[in-house]
There are 2 protein chains.
Amino acid sequence: MLSRKTKYGLKALTFLAKREENEPVSISIIAESENISQKFLESILLSLRKAGFLGSKKGKGGGYYLLKRANEIQVAEVYRILEGPIAMVPCVSLNFYEKCDDCPDESVCSVHKLMIQVRDNTLKIFENTTLEDIIIKA
Amino acid sequence: MLSRKTKYGLKALTFLAKREENEPVSISIIAESENISQKFLESILLSLRKAGFLGSKKGKGGGYYLLKRANEIQVAEVYRILEGPIAMVPCVSLNFYEKCDDCPDESVCSVHKLMIQVRDNTLKIFENTTLEDIIIKA
DNA sequence: TGTAAAATCTACTAATCCTATAGGATAATA
DNA sequence: TATTATCCTATAGGATTAGTAGATTTTACA
């Protein structure tokens, strides 16, 4: 299941990507437009800023803006920052690998093999999709 | 993330599928072989029995056994019983559909569109994979 | 008929995660 | 200096997850 955090994050990013001007947009504007709790969105945008996707400006006329072009931001990157591993099991994660404590030998685990397939497929989609691709023009 | 419940369930099912005889195997045998907490596995096998994958026999010499052949049990079915929806967002789920409360119009939601792709891909894998396919012979 | 083995059922608990909120600190602008 | 907006830390409530405990029922077998 996708967390609201990631969902809101993606929505906020595409909201910014849709705009013609890349000028700062305040949290309250984004929150209202996308029906997101403002305080919750605040912490999400902070994460995205720290991860290098967004820049921010304080004070009057301030807000958040994209630091890269929409076609340079992969869904995969955003997902990993907000949601964590793309893999469904830590033992098949490329970026967050962890051994399963119940599994003596991964090469003989049927779940392992299956989940590698799922990871590869999902990864392909998330890496080949950028913000630009998921913008839907009104 | 795949829950331990589903992971253990799949492991238990493949454990049973690997055996030549389809005679009852006690929970304790399965739990020990697969390094699973016995009491936890107990509740998982109960779900799988109620869902029609397993039969059970009480008393001495009792245990659980497969009710179908390994190539007749899709991973997708097991997943839906133990984990729930295959889709990452309720609004793109085929079997567990729910409207998002923050989304006035799904057709204009960029996350929605993206998650349909992921669902279709994962679904294809889970539907085309049966227990027989994920058995790894020792 | 008695006993052991095994599933069944109900209830509970501890820990973790998710979603969201509160409130003050900091910085920029006018 | 007042206002606006981000920044940051802390925390609360609820849901979910993973597991435990214990009593009950059913069956095989001696």
Side-chain angles (χ1 to χ4, degrees), chain A residues 1-12 16 23-32 34-67 79 81-85 88-90 96 98 100-102, chain B residues 1-12 16 23-32 34-51 53-67 81-85 88-90 96 98 100-102:
Chain A
M1 274 290 166
L2 194 74
S3 67
R4 275 162 193 266
K5 190 175 165 187
T6 305
K7 188 181 167 201
Y8 292 164
L10 285 169
K11 281 190 164 193
L16 291 175
E23 280 164 3
V25 183
S26 75
I27 299 173
S28 60
I29 297 285
I30 306 175
E32 203 176 336
E34 298 290 337
N35 300 303
I36 304 172
S37 141
Q38 179 170 338
K39 274 294 192 178
F40 191 26
L41 181 59
E42 204 178 298
S43 67
I44 296 168
L45 295 181
L46 207 53
S47 302
L48 291 173
R49 199 215 60 188
K50 286 181 177 166
F53 298 110
L54 296 176
S56 66
K57 206 183 157 203
K58 288 182 176 183
K60 191 165 191 179
Y64 286 95
Y65 53 91
L66 288 179
L67 282 182
Y79 190 98
I81 293 298
L82 297 178
E83 191 79 19
M88 295 186 86
V89 184
F96 302 81
E98 257 180 82
C100 299
D101 46 0
D102 61 304
Chain B
M1 275 289 167
L2 193 74
S3 67
R4 276 164 193 265
K5 189 175 166 189
T6 305
K7 187 181 167 199
Y8 293 165
L10 285 170
K11 281 190 162 192
L16 291 175
E23 279 165 4
V25 182
S26 75
I27 300 174
S28 60
I29 298 284
I30 306 175
E32 204 175 334
E34 299 289 337
N35 301 304
I36 304 171
S37 142
Q38 178 169 339
K39 274 295 192 176
F40 190 27
L41 182 58
E42 207 177 296
S43 67
I44 296 168
L45 294 181
L46 207 53
S47 302
L48 291 173
R49 199 215 60 190
K50 286 181 178 167
F53 298 111
L54 296 176
S56 66
K57 206 182 159 202
K58 286 184 175 183
K60 193 167 190 177
Y64 286 94
Y65 52 92
L66 289 179
L67 282 181
I81 293 298
L82 297 179
E83 192 79 20
M88 296 185 85
V89 184
F96 301 81
E98 255 179 83
C100 299
D101 46 1
D102 61 303

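Remember, it's a predicted structure, so these values are computed and weren't measured experimentally. A, B, ... follow the sequence lines: proteins, then strands. Residue 1 opens every chain. Below, each value reflects all heavy atoms present in this structure, side chains not excepted, and no hydrogens, waters or symmetry copies.
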Give the minimum heavy-atom separation between Ala12(B) and Ile30(B), together with the two atoms involved.
CB-CG2, 3.9 Å

Search all heavy atoms of Gln38(B) against all heavy atoms of Ala31(B) and return the closest pair with its distance.
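For Gln38(B) versus Ala31(B), the nearest heavy atoms are CA-CB, 3.8 Å.
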
Which part of the nucleic acid does Leu45(B) contact within heavy-atom distance under 4.0 Å: base, sugar-phosphate only, or nothing?
nothing

NA contact type, Lys7(B), heavy-atom cut-off 4.0 Å: base, sugar-phosphate, or nothing?
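No contact at all - Lys7(B) keeps every heavy atom at 4.0 Å or more from the nucleic acid.
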
Classify every nucleotide of nucleotides 16-24 of chain D by which part a protein heavy atom approaches to under 4.0 Å, writing B for the base, S for the sugar-phosphate alone and - for neither, in 5'-to-3' order.
--SBBBB--

Check Leu48(A), Leu46(A), Leu41(A) against Tyr64(A) for a side chain to side chain contact (heavy atoms under 4.5 Å, CB included) and give me the one that passes.
Leu46(A)

Please round to the nearest 0.5 Å and tell me the distance separating atom OG of Ser26(A) and atom NZ of Lys57(A).
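Going from the OG atom of Ser26(A) to the NZ atom of Lys57(A) covers 12.5 Å.
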
To the nearest 0.5 Å, tell me how far Leu16(B) CG sits from Ile29(B) CD1.
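With rounding to 0.5 Å, CG (Leu16(B)) is 11.5 Å from CD1 (Ile29(B)).
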
Do you see a donor-acceptor pair shorter than 3.5 Å between the side chains of Glu83(A) and Ser3(A)?
yes

Under the rule for ring pair (Phe, Tyr, Trp, His ring centres under 6.0 Å), what residues qualify as partners of Tyr8(A), not counting sequence neighbours?
Phe40(A)

Under the rule for ring pair (Phe, Tyr, Trp, His ring centres under 6.0 Å), what residues qualify as partners of Tyr79(A), not counting sequence neighbours?
Phe126(A)

Hey, are the side chains of Leu54(A) and Leu66(A) touching, using non-hydrogen atoms and a 4.5 Å cut-off?
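Yes; the side chains approach each other to less than 4.5 Å.
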
Arg49(A) side-chain N/O to dT6(D) phosphate OP1/OP2 under 4.0 Å
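The answer is no; no side-chain N or O of Arg49(A) sits under 4.0 Å from OP1 or OP2.
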
Using a cut-off of strictly less than 4.0 Å between a heavy atom of the residue and any atom of DNA chain C, enumerate the qualifying residues of residues 59-67 of chain B by number.
Gly59(B), Lys60(B), Gly62(B), Gly63(B), Tyr64(B)

Counted 5' to 3', the first and last nucleotides of DNA chain C within 4.0 Å (strictly under) of a heavy-atom of chain B are dA5(C) to dC9(C)

Please list all pairs meeting salt bridge (charged side-chain N to carboxylate O under 4.0 Å, His left out) that have one or both residues in residues 2-11 of chain A, counting only residues at least two apart or in different chains.
Arg4(A)-Asp101(B), Lys7(A)-Asp102(B), Lys11(A)-Asp102(B)

